[in-house]
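We name chains A, B, ... by the order of the sequence lines, and we start the count at 1 in each one.
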Number of protein chains: 2
Amino acid sequence: MKPTIYDVAKEAGVSIATVSKVINNQQVGKKSKEKVLKVMKELNYKPSILASALTGKRTSTIGFLLPDLANPFVAEMARRVEDRAHERGFNLVICSTDFDTQKEAFYVSLLKQKSVDGFILAGRFNNEEVITELLEEQTPVVLLTESYPSLSVNSVKVDDFMGGYEVASHLISLGHEKIAVIGEDANSSRERIRGYKQALQDKGLEICEEMIVISDSSPEDVERLTGQLLDKSIPPTAIFACNDLLAISVILAVRERGISIPDELSIVGFDNTLLSRSTDPPLTTVGQPIQDMCSKVVDLLIEEIEGKSKTKQRIVLLPKLIIRKSTGVHRSKIKDQSN
Amino acid sequence: MKPTIYDVAKEAGVSIATVSKVINNQQVGKKSKEKVLKVMKELNYKPSILASALTGKRTSTIGFLLPDLANPFVAEMARRVEDRAHERGFNLVICSTDFDTQKEAFYVSLLKQKSVDGFILAGRFNNEEVITELLEEQTPVVLLTESYPSLSVNSVKVDDFMGGYEVASHLISLGHEKIAVIGEDANSSRERIRGYKQALQDKGLEICEEMIVISDSSPEDVERLTGQLLDKSIPPTAIFACNDLLAISVILAVRERGISIPDELSIVGFDNTLLSRSTDPPLTTVGQPIQDMCSKVVDLLIEEIEGKSKTKQRIVLLPKLIIRKSTGVHRSKIKDQSN
DNA sequence: TTGAAAGCGCTAACAG
DNA sequence: CTGTTAGCGCTTTCAA
């Protein structure tokens, strides 16, 4: 059916070894080479990557595990990773793990069976055991967006601490003193919160632990938590949501209560997703250099795949505060000033 | 390094044939079977899918080509497709084509070399030649979201015509008579527009061609077109954007002009993406049964892969109008009523 | 420069 | 029920 290397060899009057050599352009007599090339074209011959991988070559495909492809931020990363991978001649097989330890293990195992050349693990990856195993068998892996402080593994992420610090600083400079935080159960959130606390401390503000809450990321939970925050005797004048998706849920909850943004409540997100531009008001957020990060993970992984990497790296890129309309001076402060 | 079927055979004291049989659970003596299973576990043996595919079995991976993974609607589809594929034991290798004929051809060719079992092509696929070729060589293919009227190929999509019809009917029932449309250069848009026209006609309204514009999908272009529409001597009182992403750009453009939605202008989208809930006001849109569609494409494809499919199918699911806050009676009508 | 042949890990007759 | 053996399509020595 589909032509094989034998068909080409026969048609070109040479041995399959010769054909193989022109495929991998090694030394071949000019005449033979031309002949083979011509026949390959005629027969529309494409070498089977399966077969060549079986003999030890790469499959040129990368396993890309992420929490949920439907998440716009994740999807954008996936696209950037895909682009870079494509430039470097690799394909991606993408699997959503939903933070599920079972799925994580399952997919890694399955993709190993399919002989992917390496893995990119994006976002929080719960199954530390799996990572350890990968590391032990020297399977190339790079983490994206999160890192495991205790493991010697390549990773690329943004400086979450700094992002959190900048958000809080911005809010404080606007006069806010009661700043709540809604985070997720992930290292990145924890780092952002750590940055936030540091900023409060540096400015001599009191850190109030009950203003810091962790959600399970579902819109319902976020709305509930937002409600709780707002119902406090002294409610916050600003809420820092640890990512844009959370921020949107916050906005919806807030809007439902008829509270105006930013006059009565400032809101900040994180990630600078598409979403953040289309909310009303447009969301102040922290931009991650997605493209850069994604190029870097791919490059790092390929380096490891090609065996060129000397030592493990933790690459940390700097985030950038993007001020839009969801943050401002609180109404009460405005009165103060006009008095 | 990694254990092979030989290692298992030797360790279990049987032939590789026997091992192979237990892998594919065929008839094997109970004792041997147990022994082999035990050894497989001990050695943590996983059969190489490459090798087995080389002998004619499937790779259990599907090539999924789509326009742009960073598009939230597309990403959500990808996730649903992935889920179903996973349930059926398949993986996805995802490639973004950007509507680029070259990339389309390139990826299809590459994935064929990688021996994917079949293709899902989502959205407008420009390279008809490639589809024809796929069809000729009997490679399983299913189109998602778009269909090629002239080709005998499986496809799953929503009834775009009906969606457009419902949008227009809704708007008309609200009293709108000047309804503009912003579409894309794709069959789905054309169908939606056809539905829109039919509705106008059915209600005895005049169809004004200059109220119908096609954008290149970039936010800038959409904003420009929106401006043009609004600057007409008799501007529309409603705009039907052929998808949510377009609708958002329209909203941004409209908001910039200080026009209020829906009092002065109603806006409708299409797709019911996540985005449509978080805009302000929340967007009236048309919901596609994404999950259903995606399960169906996968099932259809796998049927073809397994050779069970008798005839080609074009599956058309019905859309559903979702009325939110971006549409309403125009201010002028309200006055009329109060007079 | 070229080709014969072994082998990658697995499946599938076919014998036994 | 089990094992032998011949491939699957390609790469890679090793001779010629």
Side-chain angles (χ1 to χ4, degrees), chain A residues 1-40 43-61 109-117 137 306, chain B residues 1-40 43-61 109-117 137 306:
Chain A
M1 200 45 272
K2 265 184 73 175
T4 73
I5 198 171
Y6 286 94
D7 300 317
V8 176
K10 192 187 301 171
E11 188 68 22
V14 298
S15 74
I16 60 165
T18 303
V19 176
S20 176
K21 278 165 194 150
V22 351
I23 291 174
N24 302 286
N25 52 95
Q26 300 170 20
Q27 285 296 318
V28 176
K30 198 180 168 195
K31 277 202 149 175
S32 307
K33 182 164 183 177
E34 277 174 2
K35 181 69 181 164
V36 169
L37 250 15
K38 180 158 160 285
V39 173
M40 293 204 313
L43 266 45
N44 188 27
Y45 166 76
K46 309 278 181 190
S48 155
I49 293 183
L50 281 198
S52 85
L54 194 57
T55 70
K57 293 206 147 185
R58 2 207 85 94
T59 52
S60 295
T61 102
S109 166
L110 182 56
L111 296 190
K112 280 200 299 195
Q113 283 191 52
K114 293 198 177 176
S115 306
V116 297
D117 297 327
E137 15 169 88
E306 294 179 339
Chain B
M1 206 32 281
K2 267 186 71 175
T4 73
I5 198 172
Y6 286 96
D7 302 317
V8 177
K10 193 188 300 171
E11 188 69 20
V14 298
S15 74
I16 60 166
T18 303
V19 177
S20 175
K21 276 167 193 147
V22 351
I23 291 174
N24 303 287
N25 53 96
Q26 301 171 19
Q27 286 296 316
V28 177
K30 199 182 167 194
K31 279 204 146 174
S32 307
K33 181 163 182 176
E34 278 175 0
K35 181 69 183 165
V36 169
L37 249 15
K38 182 159 157 285
V39 172
M40 292 204 313
L43 266 45
N44 188 28
Y45 167 75
K46 309 279 180 190
S48 155
I49 293 183
L50 282 199
S52 84
L54 195 56
T55 71
K57 292 208 147 186
R58 8 204 83 95
T59 52
S60 294
T61 104
S109 165
L110 181 57
L111 296 189
K112 281 199 298 193
Q113 283 191 55
K114 294 198 177 177
S115 305
V116 298
D117 297 327
E137 16 168 89
E306 294 178 339

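Along DNA chain C, the nucleotide nearest B/Lys21 and the nucleotide nearest B/Lys46 are compared for position; the residue whose nucleotide lies closer to the 5' end is B/Lys46. Residue-to-nucleotide proximity on DNA chain D shows that, of B/Gln27 and B/Thr55, the 5′-proximal contact is made by B/Gln27.
A/Lys2 NZ: more than 12 foreign heavy atoms inside a 6.0 Å radius. In B/Gln27, the CD atom is not crowded: 12 or fewer heavy atoms of neighbouring residues, nucleotides or ligands sit closer than 6.0 Å.
Summarising the geometry, atom CG belonging to A/Leu54 is positioned 9.0 Å from atom OG belonging to A/Ser48; distances are rounded to the nearest 0.5 Å. Between the CG atom in A/Leu37 and the OG atom in A/Ser32 there is a gap of 11.0 Å [rounded to 0.5 Å].
Distance CG (A/Asn24) to P (D/dG9): 17 Å, rounded to an integer number of Å. What separates CG of A/Leu54 from C1' of D/dT11 is a distance of 10 Å, to the nearest Å. In this structure, NZ of B/Lys112 is placed 17 Å from C1' of D/dG9, rounded to the nearest angstrom. Per the geometry, CG belonging to A/Asn25 stands 14 Å off C1' belonging to D/dT11, to the nearest Å. Following rounding to the nearest Å, B/Lys114 (NZ) and D/dG9 (C1') show an atom-to-atom distance of 17 Å. Atom CD1 of B/Ile16 is separated from atom P of D/dG7 by 15 Å (rounded to the nearest Å). The distance from atom OH of B/Tyr6 to atom C1' of D/dT4 is 11 Å, rounded to the nearest whole Å. Going from atom CD1 of A/Ile5 over to atom P of D/dG7 covers 18 Å, rounded to whole Å.
A/Arg58 and A/Ala53 get closest at one heavy-atom pair: O-CB, 4.1 Å.
Among the atoms of the strands shown, only primed sugar atoms or phosphate atoms (P, OP1, OP2) are found under 4.0 Å from some heavy atom of B/Gly29. Note on A/Val19: nothing from the nucleic acid sits closer than 4.0 angstrom, heavy atoms only. If you check every strand for non-hydrogen atoms under 4.0 Å, B/Leu50 touches nothing. As judged by a 4.0 angstrom heavy-atom cut-off over every strand, A/Ser20 is placed among the base-contacting residues.
Side-chain atoms of A/Lys114 come within 3.5 Å of backbone atoms of B/Thr59 as a donor-acceptor pair (strictly under, hydrogens ignored).
With D/dT11, D/dG9, D/dT2 as the choices, the nucleotide that has an atom nearest any side-chain atom of B/Ser32 turns out to be D/dT2.
Along DNA chain C, the stretch of nucleotides lying under 4.0 Å from any heavy atom of chain A spans, 5' to 3', C/dT1 to C/dG9.
When each of A/Val39, A/Ile23, A/Asp7, A/Val36 is checked for a side chain to side chain contact (heavy atoms under 4.5 Å, CB included) with A/Tyr45, only A/Ile23 meets the rule.
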